[in-house]
Colleague: 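If you scroll down you'll find the structure; I have some questions about it.
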Number of protein chains: 2
Amino acid sequence: MSVIVQADFARKAKELTPSLHHKTILPQRMVDIASDGAAYQGFRVVDIEKAQLPLTLRSGECVILDFGAHNVGYLHFSVNHFGAVKITDAPVMLSFSFGEFPLEIMASKENYHGTLGSGWLQNETKSMVFTPYTGALERRYAFRYLKIERVDTASFPIAIDNLYVDGVSSVSMEEVPLFHIPDKALEQIYKMSLCTLKECSQEVFEDGPKRDRRLWLGDLRLQALSDYVSFKNTALVKRCLYLFAAYRRSDGFVAPCVFPDSPPYIDAKGWHLSDYSLFFSSCLYDYMLYQKDLSLVEELYDTAFLQVQLVMKRMEADGTIKGSDVFIDWCEGLDKSVAFLGVYLYCLHHLRTITEVLGKDSAWIVAEIKEKERILLSYRNKDGFFVTKSGQLSWHSQIWSALSGCLSREENLLLLQKTKEENPKVHIHTPYMMHFYIEALYTMGAKDEAMDVIREFWGELSSAGYDCCPEIFNPENPMESPYNAPEINSTCHAWSCTPIYWIYRYYHEI
Amino acid sequence: MSVIVQADFARKAKELTPSLHHKTILPQRMVDIASDGAAYQGFRVVDIEKAQLPLTLRSGECVILDFGAHNVGYLHFSVNHFGAVKITDAPVMLSFSFGEFPLEIMASKENYHGTLGSGWLQNETKSMVFTPYTGALERRYAFRYLKIERVDTASFPIAIDNLYVDGVSSVSMEEVPLFHIPDKALEQIYKMSLCTLKECSQEVFEDGPKRDRRLWLGDLRLQALSDYVSFKNTALVKRCLYLFAAYRRSDGFVAPCVFPDSPPYIDAKGWHLSDYSLFFSSCLYDYMLYQKDLSLVEELYDTAFLQVQLVMKRMEADGTIKGSDVFIDWCEGLDKSVAFLGVYLYCLHHLRTITEVLGKDSAWIVAEIKEKERILLSYRNKDGFFVTKSGQLSWHSQIWSALSGCLSREENLLLLQKTKEENPKVHIHTPYMMHFYIEALYTMGAKDEAMDVIREFWGELSSAGYDCCPEIFNPENPMESPYNAPEINSTCHAWSCTPIYWIYRYYHEI
């Protein structure tokens, strides 16, 4: 399958490329990272002293710097001779290891067995023939910890000086209007979520600045929601929506992910996620709601409309969709059929609203909603739970049914309450799916309970030592990784930043 | 000891910094390097096919490119996806190994046990997050062979394209006036010597463009001599002489070596070679002879004069010099005392000539020559050989005595003839020392024999497969290395380029 490019959208996306803010960030502490079975993921950061430049390094020596918080940027440094020896008569070779978390620094490069390419490990080696040398590493890194090892064999010491990170983001913390959060736990969670969104706000809304550094539609929607109530970097939302509309599969589907390279591109062959394509309508709906601007919605309406049409055509009489091109959550063994039907209805409602606002005919959508609600309700058992044809009772099916609009608010609250009591084994695995659980609770009126969920889940990951919100977090298994290698996990990941949105609403809607 | 900087000389040196010529060089062949006990240094280059871009690489694969000849420059390349897979969803990591000769590529990095810093090994690893990527390696390399290995684990193939070397030199082959060399062996040697000089002619006359990339006075003299009869890049000679005069030890000694960095610097503490300091006079003498320009000689005369004075003060009554700060040759166990006396007299003669040309008083030099000739002759034994106090009879003592001027032309020819017959065990080890043997033969009139020496020594190294003239070459022991690691030897080394000079003179003076 080839790719269609809508040139006017591509041009507009390009014109909206933001200028990045730059901030100089200095290392704060020199630390050691010690093995400790009792510590999270088996490593403990041991503080040594304030980081003082220059750092002296002899052959074989290494130093670990703690920058005090998560950074996204470019490492600059200079290398010079040190002390009485004024001559460096051989090239200096330094090995750099960047880590968002201690395990990432300490994991053996040679024993990497992850399913993702090892190029995501943030390691680089650089040689400098003469000193004084002043330069930078070309690659952008996302990290808090930096290990520098002297790997050449020359006997002279060297001094590493003027070391700093040129931190980049399309937003700055100063842009966020402050508001009082009396609950200290929520305040802490709000701050780490804000940091996560900032770090992921680059030339596109990246899913993670360490990895994969791409624009995913599912992530974008959550980032945009959080952004509307914080940085208000709306031009970037607009740019990202243009990107999705500009580069599409030749069958018309919006791709789940755009590679924000120059030129941007999508994988028309391999990847397709029907739920992500449907969320294009939700993105437009949110944009309209928060931006009070109909022009973009009008411009991209056809693209949103087409997504629903394409999915509709693929649906079987029982509401299931052909193939397995649905995300929902990373959850092994999850039967996604019922949850997907919920997503479909959820997005249909968004499409219906924008259709009506634009003065277009929504009768067919209303009919489609009615028809699919009927099918969804057919999966409800005598206990009121939604169960798939295969007999699976999952959190996901209940949450998406609650969000589908097929039940009343009271029924939804009861369903969510019963789900909590039943606690199905097929559980939420990602902060992304957790967002929709919170949405279900919050929008049905269980706002305090929604805050409790945030306090519990995000509070626990804050206690684990993260500065930002990770891609995946399972307190039961700190080494869990969707890629068979926890060191490659992303611990600053956009789809877990939505406490920004919920905490904002909680304190502004009371 | 501190460093004195003569600012006007430093400024003039800086002003003479040349603009480099740039030449795009493409890889010629794809090759394999096979272990072969019968081949030179145990490796044989096996031709595979013409190098065709793009090169396809999968994880773990590698390719070896032969650029057809020695290059000095910067590697540029682009990386893109390949074939049906349009997406590279993880960073690509490439490992580059550059080699002037096959052994350098094949030697294990982990087992390096050389006495020089391993940073001289020409290896670099680079990761590229997105494709298409277009970039370059920052370090300048000297090489003919390039091995590229894909070291990330991602499953997609990549295409390396637009790969070329931006070759740099302050001279271009087109600048050398051609002349007919009827002897094919000498013609071949002349060409490889010319290539050597070109590759070493950068922003200074480097000793070797791979390693150490510095300006050495002993090398400079031979490079300048060869340059006067070929590229005529005299501004660079001038710049280098200013550099030596500008940055000196606080005791007044010219350093043996200037690090051509920005700013240039010398090692005032560790390094001093009296023979190299004395050659400053010889450099000025040659400059005067070939450039017919007295202004620079006049300007730098005091510096030359001071070198002789400083050495003179350190000499004992028997003509030996305190300490061991003399080079002569890399030859373990060599007693350098007599050879150094020869160097001293040789340089005194040069200083005397320029002193007289400048109309200054040379009486003290004439007296000093007479006195030191008397001492040198006292080391001559009944067979006419020059033997050190320790009883050592070396090639070096005979050659430098022949060049000292203490004997007549006929006596010198006889001495050289007898030395050849006697063939002392303490033999010439470097092409640098070989130059002075050739000078002794040639200037005493044994021009054909001088050409025979060139044909034999340089012919043999050409047969070994070198493109340029190496720093060291011992046909008896191909693995000989002054640094305990043949892979770190420099095989494009300025001090072995003087066949340019001798072959030119041979065909122009007949």
Side-chain angles (χ1 to χ4, degrees), chain A residues 2-3 59 81 84-95 109 112-133 135-140 150-156 211-214 257 259-263 265-271 488, chain B residues 2-3 59 81 84-95 109 112-133 135-140 150-156 211-214 257 259-263 265-271 488:
Chain A
S2 61
V3 174
S59 176
H81 56 73
V85 183
K86 302 289 186 206
I87 290 288
T88 57
D89 63 353
V92 171
M93 190 167 262
L94 298 177
S95 166
K109 301 173 204 176
Y112 174 74
H113 293 299
T115 53
L116 294 184
S118 61
W120 286 120
L121 297 172
Q122 301 189 103
N123 304 313
E124 202 86 43
T125 304
K126 184 167 186 70
S127 73
M128 289 134 286
V129 178
F130 295 114
T131 61
Y133 169 87
L137 299 186
E138 190 179 78
R139 178 168 169 177
R140 198 196 72 189
R150 173 98 182 272
V151 293
D152 66 87
T153 63
S155 60
F156 53 79
R211 200 223 77 231
D212 310 322
R213 301 177 52 167
R214 285 173 221 151
C257 158
F259 288 72
D261 200 9
S262 175
Y265 55 94
I266 62 168
D267 182 359
K269 199 173 173 224
W271 290 350
I488 212 131
Chain B
S2 61
V3 175
S59 175
H81 57 74
V85 184
K86 302 290 185 205
I87 290 287
T88 56
D89 63 353
V92 172
M93 190 168 262
L94 298 176
S95 165
K109 301 171 203 177
Y112 175 74
H113 293 301
T115 53
L116 294 184
S118 61
W120 286 120
L121 297 172
Q122 301 189 104
N123 304 314
E124 203 87 42
T125 304
K126 184 167 185 71
S127 73
M128 288 134 288
V129 178
F130 295 115
T131 61
Y133 170 88
L137 299 185
E138 189 179 79
R139 179 169 168 175
R140 199 195 73 190
R150 173 96 182 274
V151 292
D152 66 87
T153 64
S155 60
F156 53 80
R211 200 225 75 230
D212 310 322
R213 303 178 50 168
R214 285 173 223 151
C257 157
F259 288 72
D261 199 8
S262 176
Y265 55 94
I266 62 168
D267 183 358
K269 199 173 174 224
W271 291 350
I488 211 131

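Throughout, a chain's letter reflects where its sequence line sits, starting with A, and its residues are numbered from 1.
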Colleague: Give, as side chain, backbone, both or neither, the part of Thr88(A) having an atom under 4.5 angstrom from any heavy atom of chain B.
Modeller: both
Colleague: Could you check whether any side-chain N or O of Ser118(B) sits under 3.5 Å from a backbone N or O of Thr153(A), counting only pairs where one atom can act as donor and the other as acceptor?
Modeller: yes
Colleague: Measure the shortest side-chain to side-chain distance between Lys126(B) and Glu138(A) over non-hydrogen atoms and say whether it is less than 4.5 angstrom.
Modeller: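 Yes, their side chains come closer than 4.5 Å.
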Colleague: Tyr133(A) versus chain B, heavy atoms under 4.5 Å apart: side chain, backbone, both or neither?
Modeller: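 Looking at Tyr133(A), just its side chain touches chain B.
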Colleague: Would a 4.5 Å heavy-atom cut-off, applied to side chains only, mark Tyr265(A) and His81(B) as touching?
Modeller: no
Colleague: Any side-chain heavy atom of Val129(A) sitting closer than 4.5 Å to one from Arg140(B)?
Modeller: no
Colleague: Counting only heavy atoms closer than 4.5 Å, note whether Arg214(A) contacts chain B via side chain, backbone, both or neither.
Modeller: side chain
Colleague: Between chain B and each of Ala154(A), Gly135(A), Ser127(A), count heavy-atom pairs under 4.5 Å; write down the option with the most.
Modeller: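 Sorted descending by pairs with chain B, the first entry is Ser127(A).
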Colleague: Counting only non-hydrogen atoms closer than 4.5 Å, does Tyr112(B) touch chain A with its backbone (N, CA, C, O), its side chain (CB onward), both, or neither?
Modeller: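 Contact with chain A involves the side chain of Tyr112(B) alone.
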Colleague: In terms of heavy-atom pairs under 4.5 Å, which option from Leu137(A), Thr131(A), Leu121(A), Val151(A) contacts chain B the most?
Modeller: Thr131(A)
Colleague: Of the listed residues (Met93(B), Arg213(B), Arg211(B)), which shares the most heavy-atom pairs with chain A below a 4.5 Å separation?
Modeller: Arg213(B)
Colleague: Based on non-hydrogen pairs under 4.5 Å, which of Cys257(A), Ser59(A), Pro91(A) is most in contact with chain B?
Modeller: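 Ranked by heavy-atom pairs under 4.5 Å with chain B, first place is Pro91(A).
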Colleague: So Asp89(A) and Trp120(B), side-chain contact (heavy atoms from CB on, under 4.5 Å) or not? Walk me through it.
Modeller: CA-CA 10 Å; Asp89(A) 63 353; Trp120(B) 286 120; over 6 Å; no
Colleague: Taking side-chain contact (heavy atoms from CB on, under 4.5 Å) as the test, write out the residues that go with Ser155(B), two or more places apart.
Modeller: none
